[in-house]
Amino acid sequence: MIENTIGGLKPAVSILISLVILMGALGAALVIGETPIPLYTIWNVLKIEAGYPAPEVNPIDHGILWSYRLPRAIIAMACGVSLALSGVVLQALLRNPLSDPYILGLSAGASTGAVAVAILGFGAGMLSLSGGAFIGALLAFGFVAWLARLSKGNSPGATSSLALLLAGVAGAQLFHALTALIIAKSADANQARGIMFWMMGNLSGSRWPDVYLAVPIAMIGAVIIYLHSRALDAMTFGREAAQSMGIRTSWVMTILIGTAALLTAVMVSLTGAIGFVGLVVPHAMRFLVGVRHVLLIPATALAGGVFLIIADIIARTLIPGQSLPIGVVTALVGAPAFAIILVRSSRARTS
Amino acid sequence: MHVQVKNISLSIQQKPILKDVSLEIESGQSLALVGPNGSGKSTLLRVIAGLLKPDCGQVIVDDNEVGNLSPRKLAQRLGFVSQDASTTDAIAVYDAVKLGRTPWLSLMSPFGSKDKKIVENAMCEMAISGYASQQFNTLSGGERQRVHIARVLAQTPQIFLLDEPTNHLDIHHQIAIIDWVARQSTTVALALHDLNHAFVCDRVAVLNKGQLVAYGEPKAVLVSDVIDPVFHVATHQTTTTHFDHPILTFAKSYRDQ
Ligand SMILES: Nc1ncnc2c1ncn2[C@@H]1O[C@H](COP(=O)(O)OP(=O)(O)O)[C@@H](O)[C@H]1O
Ligand SMILES: [Mg+2]
């Protein structure tokens with residue numbers, strides 16, 4: 001009847017098409033820029049770096065491509081995958097279509113954590129920065145969940161969608177303010193990355209060492225989340241129904257919210273807080289492949305990666321000679337999408 | 001499977017919800033839980049389903065205490081339909097019913113043709129095969145209820161726990177559910193509002209303010225002396241040739257004014 005196909009395509013064909021789209025986006029990210037680099041140069045650079053004989057390449061082009069554009073595109077991809085998957089997880093577990101790490105304040109908490117570590121100076125290496133961000137993200141989530149629960153009082157049943165969103169707004173604002181405060185108070189303000197970086201995200205600092213952290217984390221997170229697709233499906237009719245179908249809901253929620261917080265934290269510590277990816281991408285993919293997580297998770301991962309690669313190309317090239325924070329681009333797409341989802345979901349509730 | 005409920009007490013936020021409730025459902029028998037709104041029917045079903053831990057007392061299913069079984073093992077034995085399970089997801093009816101297979105599936109045993117057959121039979125039994133690809137959220141209340149029941153049918157449990165399964169249903173489908181309960185060779189416990197429906201069950205338990213006030217065969221329990229003080233009504237029994245049990249009708253009670 002309804003099998004694992006997307007628009008009648010066999011899984012193998014879907015995977016092939018997906019990989020072509022991903023390669024296309026990566027290719028575009030390498031070609032497009034202030035100095036366009038032709039595809040054959042890219043091919044030659046890749047061959048040289050892999051240790052194969054290839055014709056001479058202009059060393060400046062080689063440097064731009066290998067040291068800047070390629071790691072930046074890979075970070076964009078890992079970040080897009082991570083944030084979009086965090087969105088899927090939060091939406092399914094909190095039974096709230098408007099959930100996303102940025103809206104629920106996880107990203108803001110991660111910023112605060114990372115900034116605190118950087119400025120209090122625990123070596124400020126990438127790992128301690130990510131660790132601080134992880135603790136910050138968990139604290140922010142705890143705060144938002146507590147606030148949403150508080151507003152619910154003793155009345156039984158799930159927390160309302162609106163209460164959760166308002167708690168998220170409060171949490172995000174609080175942690176953004178803390179971030180700004182810590183940066184402003186720090187003696188060496190120049191050394192710290194700017195407030196703008198932590199609030200809107202920026203990929204211009206992406207280098208290879210960041211890739212070695214971002215890619216494994218994104219992959220591990222994606223695998224953990226994918227292995228829980230059946231549990232996420234079982235949450236469709238709420239936590240109690242999932243439990244009655246044999247899901248250890250407390251355990252699943254701990255693991256998956258922890259994973260979402262980790263993914264968000266690592267990406268925020270590398271790129272700053274980029275908004276709306278976790279909201280826009282999963283919803284678009286639900287239109288395309290439906291709500292079942294076996295398909296939704298891989299589709300969202302792919303589309304999240306492609307979305308941020310393209311958003312970064314736009315951020316780099318929209319205003320010549322100037323690189324916009326990537327969060328500006330994602331918010332320009334995401335805010336209207338948020339409005340549409342809000343209207344649709346409140347209609348679905350009242351009908 | 002045989003269910004024993006032993007001395008269950010439960011308080012939520014210091015408010016006692018169930019007070020020392022004990023009852024038993026023999027293997028293959030059916031039990032109707034009746035009682036006014038807020039008397040604890042849903043809470044008792046949740047405790048039996050292992051979804052709520054009682055403060056004291058035990059629920060024993062065959063030889064296992066419910067609290068000691070893993071959620072998966074429990075779900076393979078017990079199927080539970082709550083009073084109001086809704087979703088904002090655009091899930092298709094077929095996929096919703098398919099969720100019932102969850103406790104039987106794993107990485108090693110993915111959804112196969114046997115599972116597909118079970119899902120299709122469950123949909124057939126609840127007369128929702130025609131809605132397979134329709135979205136759950138576009139169904140009427142009664143159709144949604146039938147999807148939920150089909151979902152636990154697909155779960156193939158040995159005990160069904162149904163919380164007001166006839167809610168939202170038209171009379172045809174109410175009778176269909178009650179008739180299904182009567183025909184079951186599986187153990188069933190269900191909360192009911194229509195006391196006349198309870199006559200098809202083997203046992204009836206009457207709850208009032210968290211206490212079990214009567215428990216036994218329907219003809220012994222569903223009588224004016226038991227019902228009137230609990231529901232604050234005046235119950236009249238009529239006998240007809242159409243049914244092998246009396247028909248109850250209710251009027252306003254003037255006794256406790
Ligand atoms: N989570 C909860 N928090 C507080 N009170 C609750 C909760 N769940 C149930 N109750 C209370 O327990 C009592 C019994 O509820 P319930 O089992 O749903 O009754 P019934 O299903 O018989 O209508 C009610 O008074 C209800 O208000
Ligand atoms: Mg109830």
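So you know, we letter chains A, B, ... as the sequences are listed, proteins then strands, and number each from 1. All values reported here derive from a predicted model rather than from experimental measurement.
With respect to chain A, the highest number of heavy-atom pairs below 4.5 Å among B:A49, B:S86, B:A96 belongs to B:S86.
A side-chain contact (heavy atoms from CB on, under 4.5 Å) with A:M245 is found for exactly one of B:Q155, B:Q76, B:R72, B:R101, namely B:Q155.
Residue contact with chain A, scored on non-hydrogen atoms closer than 4.5 Å, is absent for B:L74. Looking at B:L105, the atoms closer than 4.5 Å to chain A (heavy atoms on both sides) sit in the backbone and in the side chain alike. In this structure, chain A has a heavy atom under 4.5 Å from the backbone of B:S106, while its side chain stays farther away.
With rounding to the nearest 0.5 angstrom, the OG1 atom of B:T87 is 12.0 Å from the CE atom of A:M235. Here CD1 of A:I247 is found 9.5 Å from CG of B:L99. Values are rounded to the nearest 0.5 Å. Between atom CZ of residue A:F237 and atom CZ of residue B:R151 there is a gap of 6.0 Å, rounded to the nearest 0.5 Å.
A 6.0 Å sphere centred on NZ of B:K19 holds more than 12 heavy atoms belonging to other residues, nucleotides or ligands.
Summarising the geometry of A:P97 relative to B:T88, their closest heavy-atom pair is CD-OG1, 4.1 Å, with the distance given to 0.1 Å. Across B:A75 and A:S244, no two heavy atoms sit closer than the pair CB-O, 3.4 Å.
For residues 224-248 of chain A, the set of pairs meeting the salt bridge (charged side-chain N to carboxylate O under 4.0 Å, His left out) definition, not counting sequence neighbours, comprises A:E240-B:R46.
Using a 4.5 Å heavy-atom threshold, the side chains of B:L107 and A:L227 count as touching.
Under the 4.0 Å criterion applied to side-chain N and carboxylate O atoms, A:R95 and B:D89 are assigned as salt-bridge partners.
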